[in-house]
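Just below is one structure, and these are the notes that go with it.
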Amino acid sequence: MIQERDTIAALSTAPGRGAIAVVRISGPATAEAVRRFCITKGPSAIERPRVMTRVDVRSDDVFIDDGLAVYFPGPHSYTGEDCAEIFLHGSPLIVRRLLTELSEKLGIRPALAGEFTRRAFQNGRMDLTTAESVRRIIDARSQYELQGAQRLYSGELKRSIARFRSALMNLKAETEAEVDFSDEDLTFESKDARRRRVHDLLQQIDDILARSGAAQRVSEGFRIALIGVTNAGKSSLLNRLLGWDRSIVSDVHGTTRDYVSEDVELGEFRVRFIDTAGLRLTEDSIEREGIRRSIEEMKRSQLILHLIDGSRESIEINEALEYELSQSSESKKIIHVLNKVDILHEKAHEDSYFDGIRRNGTFELIRISCKTGEGVDLLHKRIVSHLEEEPGGLDPFLLEERHRHHFQAMREALQRLLSLWSDGAPDEICALEIDTALQNAADITGEITTEDILGRIFSVFCVGK
Ligand SMILES: Nc1nc2c(c(=O)[nH]1)N(C=O)[C@@H](CNc1ccc(C(=O)N[C@@H](CCC(=O)O)C(=O)O)cc1)CN2
Ligand SMILES: Nc1nc2c(ncn2[C@@H]2O[C@H](COP(=O)(O)OP(=O)(O)OP(=O)(O)O)[C@@H](O)[C@H]2O)c(=O)[nH]1
């Protein structure tokens with residue numbers, strides 16, 4: 001059983017060798033630990049709260065490291081308890097020495113994953129949505145996801161929950177007033193006006209869920225399929241876009257037998273490029289399987305880059321492309337990329353070269369050379385702007401699955417409330433649904449939490465956070 005009053009310590013910087021390692025301590029024995037292990041000639045770190053102090057880190061007469069220390073007396077600290085940070089040389093051996101001494105001499109135990117932030121939450125330093133966003137900030141894998149997490153950290157969700165709660169409280173107060181005073185001759189806001197307010201809340205919940213769903217899809221990464229005949233230069237383009245040799249580039253037809261995928265940061269976004277098997281009719285069964293899979297991949301992707309080998313006399317339209325071009329104009333976005341402009345076939349200068357790929361008369365074409373790099377930047381920009389056009393693409397509002405669950409439950413309670421009202425149910429029964437909605441709103445920010453819920457939330461954190 002974890003004691004709240006335990007003093008905890010952990011390495012808070014990334015594990016392994018590094019320039020500097022920071023050990024963080026939190027809890028009642030912190031000041032004693034600093035006094036005992038952080039030795040100064042002049043004023044101690046304890047006497048100079050929140051000021052970085054040069055110290056000799058030592059245990060009795062045994063030298064551990066030349067370091068720096070900061071003491072944050074509670075409640076003005078990250079966790080709200082007495083805290084300290086000791087900056088050491090980034091050696092795992094030094095860190096282990098200090099943590100061992102803290103444990104053996106003062107009974108300071110290693111912190112669990114996320115335990116500092118958990119204490120910050122439990123000491124009222126932050127609400128649950130802010131605490132959760134700390135992990136998301138650390139784990140973000142694109143600027144887009146980071147921005148979404150930072151909006152949570154800045155309290156955007158907490159504030160909208162506060163608005164929901166006050167609207168629900170008003171609704172409840174009025175409903176109860178009606179129950180209490182129903183015999184008296186008082187005028188209350190008409191049921192109609194109240195209905196409209198509930199509809200308005202439902203609309204707001206739907207908007208939040210829709211925005212977060214879109215943001216989630218964006219942050220998980222767009223799938224971009226690279227398709228085109230063998231030797232068109234798909235592998236070369238992927239390498240150009242990624243900036244390093246990820247897939248095998250060769251001039252033997254059919255090198256890419258299966259698809260390779262790669263998650264990369266492209267501008268603000270995380271995207272997954274799928275380099276599909278070179279498409280050509282073949283008797284080779286393994287290669288045919290690759291082709292079947294590239295058609296599948298193409299169907300699942302949000303954007304298709306169709307690579308054309310501009311050194312050839314004509315554009316070869318294969319099954320996969322045929323399928324895609326036959327879809328209606330609202331279907332998948334497709335960018336045709338004319339590659340090898342450095343050795344362009346003379347026919348590729350004529351408009352008729354592109355007749356086969358027009359869809360409803362138009363098509364988007366970008367000319368590049370993977371050999372010289374010409375046009376690759378422009379293509380990169382075009383891909384990013386396609387991503388930005390995606391719904392929710394520029395408005396990251398990321399929610400945890402837990403938040404979505406409670407919003408859904410709020411939504412269902414409010415819908416039941418509306419139908420109870422329609423059925424003319426007693427106000428006491430209606431008030432119960434408002435309570436359910438209120439409870440779910442409170443669960444999001446963590447007004448009332450259980451050990452079990454907190455355990456699940458913080459166990460996915462890093463140790464030391
Ligand atoms: N070295 C170090 N860097 C860090 C953190 C940290 O704890 N230590 N942080 C986190 O892990 C983040 C910064 N967040 C923090 C939030 C609050 C307090 C804090 O001590 N708050 C007190 C004092 C406020 C003040 O002096 O202005 C308070 O709010 O009362 C510290 C860090 C990122 N960088
Ligand atoms: N001159 C020129 N050669 C290119 C260009 N892009 C690719 N190549 C060459 O074309 C050949 C095929 O390129 P890859 O990138 O392997 O083509 P791929 O589409 O991945 O081929 P498969 O995996 O067989 O489907 C290689 O020899 C490349 O060096 C270009 O812009 N100009």
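Atoms within a ligand are numbered from 1 in the order they appear, just like the ligands themselves.
- One side chain, Ser369 or Asp342, offers a donor N or O that lies under 3.5 Å from an acceptor on the other.
- In this structure, atom 33 (C) of ligand 1 is not in close contact with the protein, since no protein heavy atom lies within 4.0 Å of it.
- Within a 4.0 Å radius of atom 7 (O) of ligand 1, the protein contributes at least one heavy atom.
- For Gly228, the heavy-atom gap to ligand 2 stays at 4.0 angstrom or more.
- Around atom 17 (C) of ligand 1, the closest heavy atom drawn from Tyr153, Phe116, Tyr78, Phe87 belongs to Tyr78.
- Nearest to atom 21 (O) of ligand 2 by heavy-atom distance, out of Asn231, Leu338, Leu307, is Asn231.
- Checked by atom type and distance alone, the side chain of Thr53 pairs as donor or acceptor with a backbone atom of Val51 at under 3.5 Å.
- The Lys234 neighbourhood of ligand 2 comprises atoms 15 (O), 17 (O), 18 (P), 19 (O), 20 (O), 25 (O), with distances under 4.0 Å to a heavy atom of that residue.
- Atom CD of Glu346 sits in a sparse spot, with 12 or fewer heavy atoms from other residues, nucleotides or ligands closer than 6.0 Å.
- Comment: Glu145 does not engage Arg141 in a salt bridge, judged by the lack of any side-chain N to carboxylate O separation of less than 4.0 angstrom.
- A cation-pi geometry, defined here as NZ or CZ lying under 6.0 Å from the six-membered ring centre and within 45° of its normal, holds between Lys465 and Tyr78.
- Among Leu128, Thr445, Asp443, Asp127, the single residue meeting the side-chain contact (heavy atoms from CB on, under 4.5 Å) criterion with Ile161 is Thr445.
- Residue Glu85 approaches ligand 1 through these ligand atoms, each under 4.0 Å from one of its heavy atoms: 1 (N), 2 (C), 6 (C), 7 (O), 8 (N).
- No hydrogens or angles considered: nothing links the side chains of Asp452 and Thr450 as a donor-acceptor pair under 3.5 Å.
- Protein non-hydrogen atoms do reach within 4.0 Å of atom 22 (C) of ligand 1.
- Looking at Ile368, Asp342, Leu226, Asp309, it is Asp342 that brings a heavy atom closest to atom 1 (N) of ligand 2.
- Of all protein heavy atoms, the one lying nearest to atom 20 (O) of ligand 1 is Ser77 CA, 3.4 Å.
- At a 3.5 angstrom cut-off on N or O pairs, Gly233 counts as close to ligand 2.
- Under the 3.5 Å distance criterion, with hydrogens and angles disregarded, no donor-acceptor pair is assigned to the side chains of Ser133 and Arg136.
- Of the protein's non-hydrogen atoms, Arg50 NH1, 4.4 Å is the one closest to atom 24 (C) of ligand 1.
- Nearest heavy-atom pair across His345 and Arg312 is CB-O, 3.3 Å.
- The distance from ligand 1 to the heavy atoms of Lys465 drops below 4.0 Å at these ligand atoms: 10 (C), 11 (O).
- Taking every non-hydrogen atom of Ser236 and a distance limit under 4.0 Å, the qualifying atoms of ligand 2 come out as 7 (C), 13 (O), 14 (P), 15 (O), 28 (C).
- Checked by atom type, the side-chain pair Ser44/Glu47 shows a donor-acceptor distance below 3.5 Å.
- Ionic pairing of Arg404 and Glu401 is present here: one or more N-O contacts between side-chain nitrogen and carboxylate oxygen are shorter than 4.0 angstrom.
- The protein non-hydrogen atom at the shortest distance from atom 5 (C) of ligand 1 is Arg24 NH1, 4.5 Å.
- When Val376, Thr372, Ile343, Asn339 are ranked by how near their heavy atoms come to atom 6 (N) of ligand 2, first place goes to Asn339.
- Surrounding CG of Leu378 are more than 12 heavy atoms belonging to other residues, nucleotides or ligands, all under 6.0 Å away.
- Considering backbone and side-chain N/O atoms, His76 comes within less than 3.5 Å of an N/O atom of ligand 1.
- Of all atoms in ligand 2, numbered sequentially from 1 with element shown, those under 4.0 Å from a heavy atom of Cys370 are 6 (N), 30 (C), 31 (O).
- In this structure, atom 3 (N) of ligand 1 has its sub-4.0 angstrom surroundings free of protein heavy atoms.
- Scanning the protein for heavy atoms near atom 28 (C) of ligand 1, the closest one is Arg125 NH2, 2.7 Å.
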